[in-house]
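Here the structure is laid out as structure tokens; the discussion comes afterwards.
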Amino acid sequence: MANPEQSGRAQDRAQDRAQDRAQDTPSAPWRVGVVEYRQATGLPPYERHRAGKARPLASSRDGLHIHGAVGRVTCADGAGHTLWTHRCTGRPNAAHVSGDRVLVTTDSLDYTPWGHLGPALLLDLADGARIAELRGKRGAAVGGGRFLLGLEGYDAFDTRQYDRDASLVDSWRSYGHYVIGTGIRVVETDRGLPTGSRVVRLLPGGEIERGPRLTGPSAARPVVLEDGTILVLDEGVLRAVDRRLGATVLAELLPATAEADPRRTVSLRREGGNVTAVIAEPRPGHPNRYTVHTWTIALHPPRTPPPPSNG
């Protein structure tokens, strides 16, 4: 006689496989073609900024510009006049504007139990006054003075939504790169091995709609295309995920490896009608040397179906 518990687990796995198959058949996929490939040896192309030099972080619809430098956040108007300065500890790394608020995430200058994670600052956009100090690594603006703030590590793998007064509105057991559009999609970056990362949609009440599985623990920040499709560089595979979470493999740039290397870095950026994909792999026996692969990839939008015949 079949064990009911085992039968139930088998049924769940079958449902997961059916869901995965359904999500791998988007209706009108994008197409790509590799234009150029380059390989070099050296350090990975990390984003570097000179210490102390202010850099732009975000802009508002009213023409205000948020800049960050070590120890300060500033807001300037369109003419470049500084409207306010907010002193902080650490280095601001990103800012997100929603309504009359701005959320600034920071890096700590000192190593802490959370690594170099610094406080996340919720500020009044009008004068830079501090509304609250929160904890999170990645943020996103969702409109109406509301924000997403995500945290990962020490069993945390969570996204929280806060309102303009820093009151908790909702939370989800998911974390990664946020894509805000008609809904909230997340390209998860679960660093556990094997990774449990997926592309998911966050729903009200802490619910999560699960999308396609990802292979690597740290997918690159996705590129969002005109129709809402997101491009995901997952290990050596370039995937397209549409608004319905349907997925297509567009290109297999590097062969799959038996084990994911947490030191591997990936990046993806849009440049006109192309995207540039970069994968940096550590060289065996040389921890500070990397093989850096760079692809220039042409994007081809989905073909428009012909109009129906009158005949």
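Residue indices begin at 1 and follow the sequence shown.
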What's the spacing between [X] [atom1] and [Y] [atom2] if we round to 0.5 Å?
X      : Y      : atom1 : atom2 : answer
Asp127 : Asp100 : CG    : CG    : 10.0 Å
Thr248 : Trp30  : OG1   : CH2   : 12.5 Å
Thr112 : Asp107 : OG1   : CG    : 10.5 Å
Tyr162 : Leu168 : OH    : CG    : 5.5 Å
Thr189 : Phe157 : OG1   : CZ    : 6.0 Å
Leu64  : Asp77  : CG    : CG    : 7.5 Å

Where do [X] and [Y] come nearest, in terms of heavy atoms and distance?
X      : Y      : answer
Leu149 : Arg135 : CD2-O, 3.6 Å
Arg221 : His177 : N-NE2, 3.5 Å
Asn274 : Leu299 : OD1-N, 4.3 Å
Pro92  : Arg72  : CG-O, 3.4 Å
Leu233 : Val278 : CD2-O, 4.0 Å
Val97  : Ile66  : CG2-CG1, 4.3 Å

Donor-acceptor pair, side chain of [X] and main chain of [Y], under 3.5 angstrom:
X      : Y      : value
Thr105 : Arg138 : no
Asp234 : Thr215 : yes
Arg160 : Ser171 : no
Thr159 : Trp172 : no
Tyr175 : Lys137 : no
Arg31  : His300 : no
Thr106 : Pro119 : yes

Are [Y] and [X] connected in a single hydrophobic cluster, I mean Ile/Leu/Val/Met/Phe/Trp/Tyr linked by side-chain heavy atoms less than 4.5 Å apart?
X      : Y      : answer
Val35  : Val32  : no
Val70  : Val104 : no
Leu122 : Val73  : no
Ile208 : Ile180 : yes
Val34  : Leu225 : yes

Using side-chain heavy atoms (C-beta onward) and a distance below 4.5 Å, is [X] in contact with [Y]?
X      : Y      : value
Val241 : Val187 : no
Arg239 : Val249 : yes
Leu268 : Leu238 : yes

Legend entry - Aromatic plane relationship, Tyr111 with His116 - under 30° parallel, 30 to 60° tilted, over 60° perpendicular: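 Perpendicular, since the angle between the ring planes exceeds 60°.
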Inset, instruction - Hey, can you tell me if Trp295 and His293 have their rings parallel, tilted or perpendicular (30° and 60° cut-offs)? - result: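 Parallel, since the angle between the ring planes stays under 30°.
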Exercise: do [X] and [Y] side chains pair donor with acceptor under 3.5 Å:
X      : Y      : answer
Gln39  : Thr291 : no
Arg146 : Ser98  : no
Tyr290 : Thr265 : no

Legend entry - Residue of the set Leu123, Asp124, Thr74 for which side-chain contact (heavy atoms from CB on, under 4.5 Å) holds with Trp84: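 Of the listed options, the one satisfying the test is Leu123.
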Inset, instruction - Report the C-alpha separation of Arg173 and Asp155 in whole Å, then their side-chain angles, then the decisive distance to 0.1 Å, and conclude whether the salt bridge (charged side-chain N to carboxylate O under 4.0 Å, His left out) test is met. - result: CA-CA 11 Å; Arg173 184 69 173 170; Asp155 196 42; 3.4 Å; yes
Legend entry - Glu36 atom CD: more than 12 heavy-atom contacts under 6.0 Å: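 Yes, CD of Glu36 has more than 12 neighbouring heavy atoms, counting only those of other groups under 6.0 Å.
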Legend entry - Ser60 vs Asp62, side chain to side chain donor-acceptor pair (under 3.5 Å): CA-CA, chis, key distance, verdict: CA-CA 5 Å; Ser60 75; Asp62 300 328; 4.7 Å; no
Inset, instruction - Taking only Lys NZ, Arg NE, NH1 and NH2, and the carboxylate oxygens of Asp or Glu, determine whether Arg264 and Glu235 approach each other closer than 4.0 Å. - result: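 Yes.
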